[in-house]
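Okay, structure first, notes after.
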Amino acid sequence: MEHTAGEHVKYKGYTIFPMPALSAGALWLGGYEITKDGTPVSVRKNIFPGFFYSEAAWNDSIGHAKIEIDNLAM
């Protein structure tokens, strides 16, 4: 399943915008932006490990963002 820029995931009152990117080494690296009520809270890029498929990096980006949100909400 292909994802497009601008797709997002709602989680615990925050919005996650996954931003996986293709590295120079041909691996997909995770990345995301977290917002709350339209205001950026956190941006992370080039999250390791890398993946051979964009879908795996997409899912990993969401997983990392959810962990960060869980830590913010504490």
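All values below come from the heavy atoms of this structure, side chains included, with hydrogens, waters and symmetry mates left out.
Contact between S54 and P20 at its shortest, heavy atoms only, is O-CG, 4.5 Å.
Between F51 and N59 there is no side-chain heavy-atom pair separated by less than 4.5 Å.
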Side-chain atoms of residues 26-42: list all donor-acceptor pairs with protein atoms under 3.5 Å, sequence neighbours left out, distances to 0.1 Å.
residue: Y32; atom: OH; partner: E68; partner atom: OE1; Å: 2.4
residue: S42; atom: OG; partner: E68; partner atom: OE1; Å: 3.4
residue: S42; atom: OG; partner: E68; partner atom: OE2; Å: 2.6

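Residue Y14 is not grouped with residue M19 when hydrophobic side chains (ILVMFWY) are merged at heavy-atom distances under 4.5 angstrom, including chains of intermediate members. Using a 4.5 Å cut-off between side-chain heavy atoms of Ile, Leu, Val, Met, Phe, Trp and Tyr, with links allowed through other members, V9 and V43 fall into different hydrophobic clusters.
Identified under the salt bridge (Lys or Arg N to Asp or Glu O under 4.0 Å) test for residues 8-30, with sequence neighbours left out: K12-D70.
For the atom pair I62 CD1 and K66 NZ, the distance stands at 6.5 Å (nearest 0.5 Å).
Contacts of K45 classified as salt bridge (charged side-chain N to carboxylate O under 4.0 Å, His left out), with partners at least two apart in sequence or in another chain: none.
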